Amino acid sequence: MLIKVRKSWEIRESQVTPESVAFNRRGLLKIAGAAAAVGVLSACDDSPAGLQMSGASAADAGADPTADLYPVMRNETYTIDRALTDEDIVTSYNNYYEFGFEKNIKAAAQRLALRPWEIAITGMVERETKVDIDTLIRAMPLEERLYRHRCVEAWSFTAPWSGFPMKALLDYAKPTSDATYVVMKAFHDPSVAGGQRQIIYPWPYTEGVTVAEANNELAFMVTGAYGKPLQKQNGAPLRLVLPWKYGFKSIKGIQEIRFTNERPTSYWEALASDEYGFWANVNPAVPHPRWSQATEEVLGTGTRAPTQLFNGYGEQVAALYANIDDDRLYM
Ligand SMILES: Nc1nc2c(c(=O)[nH]1)N[C@H]1C(S)=C(S)[C@@H](COP(=O)(O)O)O[C@H]1N2
Ligand SMILES: [Mo]
């Protein structure tokens, strides 16, 4: 579906996702006067997504070069008290705004070529470098973890992710002692990602965490899911997963990892800082300005469940925030 630029009184929340509603209201209306005058602005002019399959590059038509690594050993420390969500749901109900503002971006995402793919390690590190994704994945200690995922839009799922602790990435990257934040940037290629042709969005998608959060045992760099290499719509070849934070922190399609001592402004924060903050820790007691966070729709079950503080991971992460004086830890 196209996202139309409506006058603010014409926007109906049921037609778009909450995150894109925020965008329409807070960002787009302010700065897209010219586009609005023309009438329609498409968030994804690749839609309907299914028409774009043939655009996939020959470069990655073959098998994933890391396929032999999967399945990886499960780390039983990270299990969950809920049933795993069906793979079909997790791989076809996605947020990936580069490819559109609806949940059905799976087909459009197939245009992204996954090889060659380099990860740039930049900023406050012993030595800035670029590493080929296959070299990096093969150098990392891969394992499987079962994690809950909680989107800020109040839906959730449980998935078996494969990947490596973010701490292992920091050991590899060797940040200097001055670095206090890790900033990650996604790929930027408007020729394959229709959403990125809307230049008023703050592309590339950017996210960041403190170095202390990155070193927390739960912070996980994901390269696979359901015992296979990660699919494009889930953020292949490399994404972050931070299970105690709202899902928008878990950036997909990473190409740059930058170490800095300045707190970054993330994508959603740039669009609507009064709705999406830097910390974004899950808390059922702190409502989003436009909806409650008390419960969540558990995908595939037809039921809602109570949301838990830190998405149930308080034991591992609460200490990170004990001495932080910021009343916006939970948005
Ligand atoms: N690059 C990028 N990463 C992203 C997003 C995005 O739009 N672009 N959406 C985020 C949001 S809002 C969520 S809920 C999760 C969804 O991950 P999934 O589609 O694998 O479930 O990805 C996050 N990572
Ligand atoms: Mo999300």
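All of these numbers come straight from a predicted model, not from anything done at the bench. Order of appearance sets the numbers: ligands from 1, and atoms from 1 within every ligand.
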Can you give each donor-acceptor pair under 3.5 Å made by side-chain atoms of residues 173-180, sequence neighbours left out, with the distance rounded to 0.1 Å?
none

Residue pair Met331, Trp279: steps toward the side-chain contact (heavy atoms from CB on, under 4.5 Å) verdict: CA-CA 7 Å; Met331 62 161 284; Trp279 297 102; over 6 Å; no

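Contacts classified as salt bridge (Lys or Arg N to Asp or Glu O under 4.0 Å) and involving residues 308-331 (residues at least two apart or in different chains) are given here: Arg263-Asp326. Identified under the salt bridge (Lys or Arg N to Asp or Glu O under 4.0 Å) test for residues 83-94, with sequence neighbours left out: Glu87-Lys228.
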Polar pairs, ligand 1 vs protein, N/O only, below 3.5 Å.
residue, atom, partner, partner atom, Å
ligand 1, 1 (N), Glu98, OE2, 2.9
ligand 1, 1 (N), Lys252, O, 3.2
ligand 1, 3 (N), Lys252, N, 2.9
ligand 1, 7 (O), Tyr97, N, 2.7
ligand 1, 8 (N), Glu98, OE1, 2.8
ligand 1, 9 (N), Asn95, O, 3.3
ligand 1, 17 (O), Arg239, NH2, 3.2
ligand 1, 17 (O), Lys252, NZ, 3.4
ligand 1, 19 (O), Asn94, ND2, 2.9
ligand 1, 19 (O), Asn95, N, 3.4
ligand 1, 19 (O), Lys252, NZ, 2.6
ligand 1, 20 (O), Asn234, ND2, 2.9
ligand 1, 20 (O), Arg239, NH1, 2.6
ligand 1, 20 (O), Lys252, NZ, 3.4
ligand 1, 24 (N), Ser250, O, 2.8

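In summary, the aromatic rings of Tyr330 and Tyr321 are positioned with their centroids too far apart to meet the 6.0 Å limit.
Cation-pi check for Arg239 over Trp161 is met; the charged atom lies under 6.0 angstrom from the ring centroid and within 45 degrees of its normal.
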